[in-house]
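All values below were derived from every heavy atom in this structure, side-chain atoms included, with hydrogens, water molecules and symmetry-related copies excluded. Here the structure is a predicted model, which means the values were calculated and not measured.
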Amino acid sequence: MEVSGVSLKTQILRGTVILAAAGIITRILGLYNRVFLANTIGAGQMGIYQLIFPVFMVCNAVCCSGIETALSRLTAAYGGQGRHGNIRRLVRIGVCTSMALACILAAGVYFLAGPVSIYILKEPGCKECLKVLAFVIPFSTAHSCVLGYFYGTKQTLVPGISQLIEQICRVSAIYILSVSLFYGSETGAVLAVWGMVAGDGISCIYTLISYKIHVKRLQARLEKKQANRENETASGHFLFRQLMGDALPLTINRLSLTVLQSIESILIPSMLKLYYTASGEAMEIYGVVTGMAMPFITFPSTLTNALASMLLPTVAEAAAKNDYGLVKRAVSKSIHYCLLIGIFSMSIFVLYGNSLGMVFFKDEMAGQFLTSFALLCPFIYMSAALASVLNGLGKTRLTLLHNVLSVGVRIFCVVILVPKMGITGYFWGMLLASLLLCGLHTFRIFKLCGLFFSVMKSLVLPAICVSAAGYVSLAVYRYILSAASLPQMAVLLIPCGCMAVVYMMGLTVTKSLEWK
């Protein structure tokens, strides 16, 4: 199947590779940053740093999450019709609307930092972090809206580079501040938030400049080929209503989900205190899980999130043409690749989770959580791709319903299981919720457009390949430990690399068998 002269596989994979490459480098820098922060501010302050993110995510949901996705969908639709004047006007409307909301919320966060930290987050230490976080909100909002345009045009190079710039500036700012302004003082979580200001601010400037350059180049090409199409620009009032018509359900979806997730995030430390009794211990465990273990667990989702970003405009464009055969193939391929990545990642964390925790964080608890939470990998990775498909098909209400049910299960387990089982109760809640979410998404997509799914190709053969790869990897690991004197990092990375190579070779061989 060809889409605008480019095959489906090429169209999706090209954008995915660009985003994934940038995402992998960004995640590596992010992991370094997590390790540096953990060693600099400690697990307790990491917990405080993680605790401010519910506030940030609520602001992000209100200001730009719905508008970004709506811009992506409408840009793809109008781009297919050649109506580029509408796209430029939509971007201006979207950015102005989002920025107005962002400035109001940023002011609220700054001036109400004290009450929010005491009465909502239940942690007074969050006050200074929230004040600094207020400066991040406008930058992050403008940045996200413009990225919606680039995703809609399938121009993934700018989003990829902006990810790199954001993370490089964040990591650099944190390091520079730690050895200058904060040097010799008791460094707290506020150091990490200033890093966010630097990263989001500079990447926002880069994204806006890139947008201006891209639009000027596009206009120059259109003047030569189809200048008459540029006169077919709808009124600002019509485009505003169209944008808000798409964005409001998405915003309500994201806001509802974010509020529930925020409630969950705030409840976890409180429920942990009921089990562990000591407030410091509960916050330390919360910091280790959310600030150390989960970033590792979600690291491979760089690939699947990149795939999800490309799926939404592709599915939206195909659905607009009633080409549900293309949607079916895109979804089926995406599920297959998400499972391949998830099965491999789960095996890596099961085999080497304890070692990863000790090597990177010098924390035995982080290693234990990495091993325990490994089972979540396939479901976390797959749910993002499936949600993008549903949004691309315009089924945002279904996505909202599924996500609300999933988070509701997690909150129920946090309230009921965590006070009795500790962090183990949180794990069971996440596992049950992830299974439910993937099951609901898959069922609805199957009803809407159908699916191709081979248990043999997507589950049985990858399981066999990863088992063989794990056996080889452990043999290499034991040999290196007994026969070679290498740094800890090399002792760990070499077996993991061998496991990846053997796994890929196994999949390549099994693909040649052409199982159906």
Side-chain angles (χ1 to χ4, degrees), residues 13 16-36 160 163-164 167 171 292-307 336-364 366-378 380-381 458 461-512:
L13 288 183
T16 301
V17 166
I18 293 173
L19 289 176
I24 288 171
I25 298 172
T26 300
R27 288 295 183 101
I28 292 172
L29 290 171
L31 286 176
Y32 163 79
N33 192 39
R34 295 278 179 175
V35 173
F36 180 79
Q163 284 183 40
L164 289 175
Q167 195 64 263
V171 173
M292 300 181 191
M294 289 309 296
F296 259 94
I297 294 293
T298 57
F299 180 87
S301 66
T302 303
L303 300 173
T304 54
N305 288 343
L307 182 62
H336 175 68
Y337 290 128
C338 287
L339 285 172
L340 294 185
I341 296 168
I343 289 170
F344 174 74
S345 302
M346 178 179 65
S347 303
I348 284 283
F349 293 128
V350 167
L351 293 177
Y352 298 108
N354 287 320
S355 300
L356 284 167
M358 290 302 298
V359 169
F360 282 92
F361 297 107
K362 297 179 175 58
D363 193 303
E364 186 178 349
Q368 292 171 354
F369 292 150
L370 273 174
T371 303
S372 302
F373 283 66
L375 192 58
L376 299 172
C377 290
I380 290 176
Y381 307 160
S458 298
L461 289 177
I464 293 172
C465 292
V466 84
S467 298
Y471 179 82
V472 173
S473 176
L474 286 174
V476 172
Y477 180 64
R478 294 189 187 102
Y479 174 79
I480 293 175
L481 283 178
S482 61
S485 178
L486 296 174
Q488 283 185 314
M489 186 73 72
V491 170
L492 189 57
L493 293 181
I494 291 173
C496 289
C498 290
M499 187 170 175
V501 170
V502 175
Y503 182 63
M504 292 299 296
M505 289 174 60
L507 292 176
T508 303
V509 171
T510 56
K511 185 178 180 181
S512 67

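Nearest heavy atoms, Tyr352 versus Cys496: CD1-SG, 3.8 Å. Contact detail for Gly342 and Tyr381: the closest heavy-atom pair is CA-CD1, 3.5 Å. Nearest heavy atom pair, residue Leu340 against residue Tyr503, reads O-OH, 2.9 Å. Between Cys465 and Gly506, the closest heavy-atom pair is SG-C, 3.4 Å. For Phe369 against Ala293, the heavy-atom pair with the smallest separation is CB-CB, 3.8 Å. Closest non-hydrogen pair, Ile297 versus Leu370, comes out as CD1-O, 3.7 Å.
Judged by distance alone, with hydrogens and angles left aside, the side-chain atoms of Ser473 form no donor-acceptor pair with the main-chain N or O of Ala469 at under 3.5 Å.
Side chains of Phe349 and Phe373 form no contact here, defined as non-hydrogen atoms less than 4.5 Å apart. Residues Leu375 and Met346 are in side-chain contact: their nearest non-hydrogen atoms beyond the backbone lie under 4.5 Å apart. Side-chain contact between Leu339 and Pro462: absent, with no pair of heavy atoms (C-beta onward) separated by less than 4.5 Å. Met505 places none of its side-chain heavy atoms less than 4.5 Å from the side chain of Val509.
Residues passing the side chain to side chain contact (heavy atoms under 4.5 Å, CB included) test with Val359, sequence neighbours excluded: Gln488, Met489, Leu492. Checked against side chain to side chain contact (heavy atoms under 4.5 Å, CB included), Ser372 has no partners two or more places apart in sequence or in another chain. Listed by chain and residue number, Leu474, Met499 satisfy the side chain to side chain contact (heavy atoms under 4.5 Å, CB included) test with Leu351 (two or more places apart in sequence, or in another chain).
Interatomic distance, Thr371 OG1 to Gln368 CD, rounded to the nearest 0.5 Å: 8.0 Å. Annotation: the span from Ile343 atom CD1 to Ile348 atom CD1 amounts to 13.5 Å, rounded to 0.5 Å.
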